[in-house]
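Taking it in order: structure first as structure tokens, then the write-up.
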Protein chains: 2
Amino acid sequence: MSNFPFQRLQVDLAALISRSPAGQRLPSEPDLAKQLGVSRATLREAMRSFETQGLIRRRQGSGTFVVGKTQVMESGLEVLESLESIAKRLGLKVSVSDLSIEATVADEELAKMLNVPLGENLTRVRRVVHTDERPVAYLVDILPATFLGSKDLPADFHGSVLDFLLGRGDALKTSRANVSAIGATPEVAKALQIQRGDVLLHFYSQLFDERGKVVDYSLSYSIPGYFHFHIVRRVKIV
Amino acid sequence: MSNFPFQRLQVDLAALISRSPAGQRLPSEPDLAKQLGVSRATLREAMRSFETQGLIRRRQGSGTFVVGKTQVMESGLEVLESLESIAKRLGLKVSVSDLSIEATVADEELAKMLNVPLGENLTRVRRVVHTDERPVAYLVDILPATFLGSKDLPADFHGSVLDFLLGRGDALKTSRANVSAIGATPEVAKALQIQRGDVLLHFYSQLFDERGKVVDYSLSYSIPGYFHFHIVRRVKIV
DNA sequence: AAACTTGAAGTTGTCAGACAACTACGCAGT
DNA sequence: ACTGCGTAGTTGTCTGACAACTTCAAGTTT
């Protein structure tokens, strides 16, 4: 069962860190190791991992401290999260309209981005996200039909393909998102009830599973100002 | 001098990984430890760190492998890099025009973003970046005058405040960048030779030193399409 | 001949204990 | 009040060992 000390440890340690206030000092390594039921070497590997992520800071002779959330990344673009999930965490009310789920086939662009043959059967999910009775984002997901068929979605599907895939237990790993700015096309302008050419923030991204296969090509168009996207950037490799 | 095995190891290992082709298998841990002059425990901490960064993948009983650059972050927005540095790496020729360095004082917005009192003396650096004889980005840096005075910049200053600070040896750590889209204001439109209201990708970011102090507030306005900004996003904490 | 079983060699995962290097803090001495 | 110093406590590193897993080839069975 828990024959994976490191994974279990990582979960426990993440829980401990996340519920500790900024600047809090953690127990000493020997104590923590005993408390969490692993050796000090294994604990130190997990500590090094969290240090790499910038969540803790260690000082020889002094101790290990939880770093302030000011410069912590966990709410930025580094972590893939659905708009619905972000809004929920921020206490915003969002709703979805114009949800459409269609079958389509791969054209040149889609074949390239999804790494599938031309003409491959695909499923396209489109939706508009509203907040405060105003449309703020237009989202399109395109997936291979072998991965998500039009009829795989439940009746109460609320719009987020990402949340659905995660809930289904798919082993997703990373997403490669490109960020750009664009003027609204007629299709997008109509959906968002804005003028053609109005300024939009545009993400287009590929979602990879753990084997490196592309499982979702996603496009998003959002009206600036309603969501704040930020990134914590490292200065150097180390 | 090299009384810091881990730091030295991290550099050596990064070099080894970066010059290895994707999928390449690394030597076994005992061999590598001997070769790099550290114990296996220390080596494993470094390995765990690189695994956390997604640069390598380890499989028990099988070995450690360099992961394909397809999903590697080192060229994305996760790493703070000047436009000049990016362009150089991509083989593009860029030039700078309209470079201006002025003294100013903190208004409400600047005081908030730089975390200084109202009226504090500041230095503002503005410039336009060209490629292929066309302006593509308008950049503004604002710093406390105590940190960078108007006369601290050398005669051959080529425009990148970040590169200058790094070259000066300042201990910079991270940058918190906000990404948005915006229509060109008259000032920016004039600098970039575009129409008012044209679509621009807009970053505004705070640069922190290692003590968490804000040392630079930076604004950038770039014409979409000339640079591709991407982010690798993790699906989960682990 | 093909499929399955077994075993050995090599790899990463984990553990225990020890010592070095460093920090914080109280205490004695000035 | 200040300085210097020692001591306890912390993280940094090393050594050696064994467990768990993967791979592959040789042997066995079907």
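In what follows, every chain begins at residue 1, and chains take the letters A, B, ... in the order their sequences are listed. Remember, predicted model here, so these are calculated numbers, not experimental data.
Put simply, A:Ser62 has no side-chain N or O that comes within less than 4.0 Å of OP1 or OP2 on C:dT23. Checking the phosphate oxygens (OP1, OP2) of C:dG13, a side-chain nitrogen or oxygen of B:Arg58 falls inside 4.0 Å.
We find that CZ of A:Arg59 is positioned 11 Å from P of C:dC25, with the value rounded to whole Å. One can place CG of A:Leu43 at 15 Å from C1' of C:dG13, the figure rounded to the nearest angstrom. Between A:Met47 atom CE and D:dT13 atom P the separation is 14 Å, expressed in whole Å. Per the geometry, NZ belonging to B:Lys34 stands 14 Å off P belonging to D:dC14, to the nearest Å. Summarising the geometry, the separation between CZ on B:Arg8 and C1' on D:dT13 is reported as 12 Å, rounded to the nearest angstrom. If you take CD of A:Gln60 and C1' of C:dA24, they are 14 Å apart, rounded to a whole angstrom.
Remark: A:Arg48 does not engage A:Glu45 in a salt bridge, criterion side-chain N to carboxylate O under 4.0 Å.
For B:Arg19, the side-chain contact (heavy atoms from CB on, under 4.5 Å) partners two or more places apart in sequence, or in a different chain, are B:Ala15, B:Leu16. Applying the side-chain contact (heavy atoms from CB on, under 4.5 Å) criterion to A:Ala41, with sequence neighbours excluded, gives A:Ser39. Listed by chain and residue number, nothing satisfies the side chain to side chain donor-acceptor pair (under 3.5 Å) test with B:Thr64 (two or more places apart in sequence, or in another chain). A:Arg25 meets the side-chain contact (heavy atoms from CB on, under 4.5 Å) test with A:Phe65; sequence neighbours excluded.
For residues 113-125 of chain B, the pairs satisfying salt bridge (charged side-chain N to carboxylate O under 4.0 Å, His left out) are B:Glu102-B:Arg124, with sequence neighbours left out.
Positionally, the nearest nucleotide of DNA chain C for B:Glu29 lies more toward the 5' end than for the other of A:Ala41 and B:Glu29. Both B:Glu45 and A:Arg25 sit near DNA chain D, but only A:Arg25 has its closest nucleotide nearer the 5' end. When each of A:Arg48 and A:Gly63 is assigned the nucleotide of DNA chain D with its nearest heavy atom, A:Gly63 is the one assigned upstream, toward the 5' end. In terms of position on DNA chain C, the residue among A:Arg40 and A:Phe6 whose nearest nucleotide sits closer to the 5' end is A:Phe6.
Residue contacts for A:Arg44: at a heavy-atom cut-off of 4.0 Å it reaches a base atom on one of the strands shown.
Ring planes of B:Phe157 and B:Phe164: perpendicular class, angle over 60° (limits at 30 and 60°).
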Report each atom pair, protein N/O against N/O of nucleotides 6-8 of chain D, whose distance is under 3.5 angstrom.
none

